[in-house]
Each structure stands twice: as structure tokens, then as C-alpha cells.
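Worksheet for the structure shown next.
This chain uses plain numbering: 1 for the first residue, then up along the sequence. In this text the structure is predicted, and so the values were computed from the model without any measurement.
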Amino acid sequence: MAIHYGYTKSGVHQLHLFSDNESALRSICSTKGGLDTNIAACSTLREWFLRHPQNHLHLHYCPSHSGVTENEAVDRDVRHHVYHPGDLRHIGRPFPKSYSFVRSAITEHALAAWQEAADKRPNEYWGRKYFKHPAFRRLRHTGPFPLKKLGGRPELTARFVRCVTDHAPTGYYRDRFRPRLNEPTLCGLHSGRPAYHTREHVLFRCDRYTRRYRHSSIEELLQSLDPFYDIVQFLKDNPTALSFDDAPT
């Protein structure tokens with residue numbers, strides 16, 4: 001908002017941005033992650049800097065807990081736990097736990113328990129159609145994988161996750177999860193007779209799409225040297241594959 005204000009207002013030559021998040025300040029002028037917001041901010045700043053030689057941007061890091069006794073105490077405890085994770089004693093007394101720390105520990109414990117259960121009974125926890133391959137075990141909607149690995153491209157990431165989970169706009173999905181709606185389930189995009197629209201049909205059989213691999217089944221795909229690369233390359237070569245644009249109509 002501050003960058004936009006300085007860009008749109010004439011006569012503004014000094015912009016001062018204040019934040020308690022140091023990493024956010026450092027990433028403002030970085031396009032490394034490919035995020036649309038960062039790219040837009042860099043583009044705006046570039047035009048603003050070129051507009052006048054006196055235009056300057058000042059970044060100010062202001063720790064929000066500085067000077068607040070209780071917050072500084074929690075910060076010290078957290079830092080001690082980070083650098084001494086096995087030490088439950090701190091300065092001769094039981095290690096104190098903040099509310100945030102307890103919540104984080106509960107979440108971490110729940111995720112670890114789920115991971116252990118999933119490893120013991122993968123067929124029950126992975127999902128019937130989920131690609132059972134180590135390359136796809138780290139998928140998290142809040143994490144950097146696969147969004148960061150795919151260049152921060154939300155549309156590509158969405159189609160990639162649809163492919164891995166088989167929760168995609170296919171005829172099979174409609175049959176399984178929306179049977180009462182009587183929606184079309186046949187693919188009419190290829191040159192042959194209409195075929196049942198499934199993830200497998202899109203990946204291996206439909207001649208609307210181009211393929212660089214020679215796999216003919218999910219099993220062959222998952223046994224390849226790099227199934228992650230094969231899927232991503234297929235989706236890049238076919239921008240509408242597993243999108244709503246190619247859903248049966």
C-alpha cells in the first residue's frame with residue numbers, strides 16, 4: 001500500500017516502510033520466489049525510481065517485542081529452546097512454555113502421529129488414487145513444496161496437485177463425488193470416439209495432449225527416474241490439461 005501510495009502521488013520522493021518482520025522487508029525487492037506480489041512491487045518501484053533521481057526507499061525493521069518485558073521473556077525462552085532443544089531446564093528452573101509454544105507442540109505432535117500412521121498403513125491414509133511415491137510425500141498447501149519448486153505459479157501448482165491426488169475436474173471425479181448431478185463424464189477433445197474422462201486418459205491416451213514420456217500407465221510413470229519432472233513437463237506442455245477448461249461438456 002505504501003509503495004502504491006508513493007507511486008500514485010506526485011511530489012513524494014521519500015518512502016519509509018516500517019515492519020516487525022525483517023525477512024518481509026528483505027524480500028520486497030526480490031523476485032527470486034516468483035511471487036506475483038513481489039514482481040508487481042519490484043516493477044512499481046523500478047518505474048518510481050526512474051521517475052526522479054531523488055526518489056529513495058527506506059526500510060526500517062522495528063522489533064514488535066522490544067521493550068515489552070513479558071514478550072522479551074518469551075523470546076529468550078524460545079531462543080534457548082531453539083539452540084538447546086533437549087534442555088528442559090533454563091537458569092535452574094523448569095523451562096516455561098508460552099501459549100504459542102504449546103499450540104505449536106500440539107500441532108507438531110499431531111502431524112508426527114499422522115505421519116507415523118500413514119507410514120504404517122499407506123493404503124488407508126494416502127487415499128485410493130494418491131500417487132504413492134516418495135516424491136509426493138511432502139505436499140502441503142501451506143508449505144514451500146510444491147509451490148516454490150514450481151516457481152510460485154498457483155495455476156500450475158493447482159493442476160499438479162489435482163494430478164497427484166486425482167481430485168481434478170474429470171468425468172471420474174464427477175461420477176465418484178457428484179453422481180446425482182448427472183454431469184457429462186466423457187472426453188470429446190480427442191479425435192477418436194468419446195472416452196471415459198479420467199486422469200489416466202489425460203496422462204496417457206487422449207491425443208489432444210503432447211507427451212515427452214512413453215509411459216502408458218500410472219505404474220510405469222511412478223517407476224520412472226523422476227515422475228515429478230514428467231508430470232510437471234506434461235502440464236507445462238499442455239496448459240489446459242486437468243483444468244476446468246478441458247472438463248467434459
Can you sort out the partners of Tyr173 under side chain to side chain donor-acceptor pair (under 3.5 Å), two or more places apart, ordered by chain and number? none
Partner set under side chain to side chain donor-acceptor pair (under 3.5 Å) for Tyr213, not counting sequence neighbours: none
Considering residues, nucleotides and ligands other than Arg205, do more than 12 of their heavy atoms fall under 6.0 Å from its CZ? yes
Distance-minimising heavy-atom pair for Val202 and Ala241: CG1-CB, 4.2 Å
Taking it one step at a time, do Cys206 and Arg211 satisfy side chain to side chain contact (heavy atoms under 4.5 Å, CB included)? CA-CA 10 Å; Cys206 185; Arg211 302 169 183 84; 4.1 Å; yes
Nearest 0.5 Å, please: how far is OG in Ser243 from CG in Leu156? 12.0 Å
Is it possible for you to say whether Phe204 and Tyr130 belong to one hydrophobic cluster, with membership spreading through side-chain heavy-atom contacts below 4.5 Å? yes
Clusters formed by hydrophobic residues whose side-chain heavy atoms approach within less than 4.5 Å: which one holds Tyr229, and what are its other members? none
Go through Ser217 and Glu200 one step at a time and tell me if the side chain to side chain contact (heavy atoms under 4.5 Å, CB included) criterion holds. CA-CA 7 Å; Ser217 66; Glu200 290 73 9; over 6 Å; no
Crowded around Gln14 CD? As in, over 12 foreign heavy atoms under 6.0 Å? yes
Side chain to side chain donor-acceptor pair (under 3.5 Å) partners for His167, two or more places apart: none
Would Arg153 and Arg159 satisfy side chain to side chain contact (heavy atoms under 4.5 Å, CB included), going step by step from the backbone distance to the final call? CA-CA 10 Å; Arg153 299 167 58 180; Arg159 293 190 297 125; over 6 Å; no
If the condition is side-chain contact (heavy atoms from CB on, under 4.5 Å), which residues does Phe49 pass it with, not counting sequence neighbours? Leu45, Asn55, Leu57
Looking at residues at least two apart in the chain, or sitting in another chain, which of them share a side chain to side chain donor-acceptor pair (under 3.5 Å) with Ser216? Glu220
Only counting residues at least two apart or in another chain, list the ones meeting side-chain contact (heavy atoms from CB on, under 4.5 Å) with Leu181. Arg178, Glu183
Would you please test Thr198 and Thr170 for side chain to side chain contact (heavy atoms under 4.5 Å, CB included) and show each step? CA-CA 6 Å; Thr198 64; Thr170 61; 5.6 Å; no
Quick one: CZ on Arg51 to CZ on Arg46, what's the gap to the nearest 0.5 Å? 13.5 Å
Which residues pass the side-chain contact (heavy atoms from CB on, under 4.5 Å) test with Thr107, not counting sequence neighbours? Leu111
For Arg128 and Asp166: C-alpha separation, side-chain torsions, deciding distance, then whether salt bridge (charged side-chain N to carboxylate O under 4.0 Å, His left out) applies. CA-CA 9 Å; Arg128 181 184 302 179; Asp166 203 16; over 6 Å; no
Taking atom types as modelled and ignoring hydrogens, do the side chains of Asp246 and Thr240 form a donor-acceptor contact shorter than 3.5 angstrom? yes
Any donor-acceptor pair under 3.5 Å from Asp175 side chain to Thr185 backbone: no
Could you report the tightest heavy-atom contact between Leu221 and His215, atom names first, then the distance? CD1-CD2, 3.6 Å
With sequence neighbours excluded, tell me which residues meet ring pair (Phe, Tyr, Trp, His ring centres under 6.0 Å) with Phe18. His60
Is there a path of hydrophobic side-chain contacts, each under 4.5 Å between heavy atoms of I/L/V/M/F/W/Y residues, joining Tyr172 to Val161? no
Anything under 30° is parallel, anything over 60° is perpendicular, the rest tilted; go ahead and classify Tyr209 against Phe234. perpendicular
Interatomic spacing from OG1 in Thr210 to CG in Asn238 - rounded to 0.5 Å: 4.0 Å
Which atom pair, heavy atoms only, marks the closest approach of His201 to His197? CD2-CD2, 4.2 Å
For the SG atom of Cys163 and the CD1 atom of Ile218, what is their distance to the nearest 0.5 Å? 7.0 Å
Can you measure from CG (Leu150) to OG1 (Thr157) and round to the nearest 0.5 angstrom? 4.5 Å
For His13, check ring pair (Phe, Tyr, Trp, His ring centres under 6.0 Å) against everything at least two apart and list the hits. His52
Looking at every heavy atom in both Pro239 and Glu155, which two are closest together, and how far apart are they? O-OE2, 3.6 Å
Interatomic distance, Tyr196 atom OH to Cys187 atom SG [nearest 0.5 angstrom]: 12.5 Å
Count the heavy atoms belonging to other residues, nucleotides or ligands that lie under 6.0 Å from NZ of Lys236, then report whether that count exceeds 12. no
So, the side chain of His56 versus the backbone of Gln54: is there a donor-acceptor pair under 3.5 Å, distance only? yes
Under 3.5 Å donor-acceptor, Arg162 side chain and Leu242 backbone: yes
Does any part of the side chain of Lys149, heavy atoms only, come nearer than 4.5 Å to the side chain of Phe228, both counted from C-beta? yes
Residues passing the side-chain contact (heavy atoms from CB on, under 4.5 Å) test with Ala247, sequence neighbours excluded, are Pro169, Arg174
His58 meets the ring pair (Phe, Tyr, Trp, His ring centres under 6.0 Å) criterion, sequence neighbours left out, with His16
Less than 4.5 Å apart, any side-chain heavy atom of Thr249 and any of Pro184? no
Flag the pair Asp207 / Ser191 as yes when at least one side-chain heavy-atom distance between them is below 4.5 Å, and no otherwise. yes
Using only atom types and a distance under 3.5 Å, with no angle test, would you say the side chain of Arg199 pairs donor to acceptor with the backbone of Lys129? yes
